[in-house]
Amino acid sequence: GLDGSVMVWDVESKQSATLPGHDNPIQAIAFGPLEKLLVTGDRDGIVRVWDLNTSKMISDTRAHQGPIQAVAFSPDGWRIATAAVDGTAR
């Protein structure tokens, strides 16, 4: 969201978890293939990976110098791709 946090809802249990951590608005978000991980990308080029079982951030890195437009997991869940407004992809 604009406050740098993500709220994740479990539709079966009707429970929610807030994942704070970004200092800037989140621009992109994707679930991992088994829906146990979540990746977020923000306006400053920061990518964070979250463990949805614990609601904890497990990785963060500056992937780009500018805003991230898209994030995605590989089908096996071991890699993450990012794309930014400067036209780069990693």
**side chain to side chain contact (heavy atoms under 4.5 Å, CB included) assessment of Val47 paired with Val39** = CA-CA 7 Å; Val47 173; Val39 62; 3.5 Å; yes

**Asked** Would you say Asp44's side chain and Ile46's backbone share a donor-acceptor pair under 3.5 angstrom?
**Response** no

**Request:** Heavy atoms only: give me the nearest Asp42-His22 pair and the separation to one decimal.
**Result:** OD2-ND1, 2.9 Å

**Request:** Could you tell me the separation between the CZ atom of Arg48 and the OG1 atom of Thr40, rounded to the nearest 0.5 Å?
**Result:** 7.0 Å

**Complete:** In short, Ala30 meets Ala72 closest at the heavy-atom pair CB-CA, 4.3 Å

**Request:** Give the minimum heavy-atom separation between Met7 and Ser16, together with the two atoms involved.
**Result:** CG-CB, 4.2 Å

**Prompt:** What closest approach, in Å, do Arg43 and Gln27 show between heavy atoms, and which atom pair accounts for it?
**Reply:** N-CG, 3.6 Å

**Message:** Is there a path of hydrophobic side-chain contacts, each under 4.5 Å between heavy atoms of I/L/V/M/F/W/Y residues, joining Leu38 to Ile26?
**Reply:** yes

**Item:** Arg79, CZ: over 12 other non-hydrogen atoms inside 6.0 angstrom
**Value:** no

**Request:** Mind listing the closest non-hydrogen atom pair of Ser74 and Pro33 along with its distance?
**Result:** O-CG, 3.9 Å

**Message:** Grouping I, L, V, M, F, W and Y whenever their side-chain heavy atoms are under 4.5 Å apart, do Phe31 and Phe73 come out in a common cluster?
**Reply:** no

**Message:** Measuring only between side-chain heavy atoms, which start at C-beta, is Met57 closer than 4.5 Å to Leu19?
**Reply:** no

**Asked** Can you tell me how far the OG1 atom of Thr82 sits from the NE2 atom of His64, to the nearest 0.5 Å?
**Response** 2.5 Å

**Item:** Co-membership, hydrophobic cluster, residues Ile80 and Leu37, 4.5 Å side-chain
**Value:** yes

**For the student: nearest non-hydrogen atoms of Ile68 and Gly41, plus distance** = CD1-CA, 3.9 Å

**Asked** Are Val49 and Val8 grouped together when hydrophobic residues (ILVMFWY) are joined by side-chain heavy atoms under 4.5 angstrom apart?
**Response** no

**Message:** Could you measure the distance from the CG atom of Leu52 to the CD atom of Glu35? Nearest 0.5 Å is fine.
**Reply:** 9.0 Å

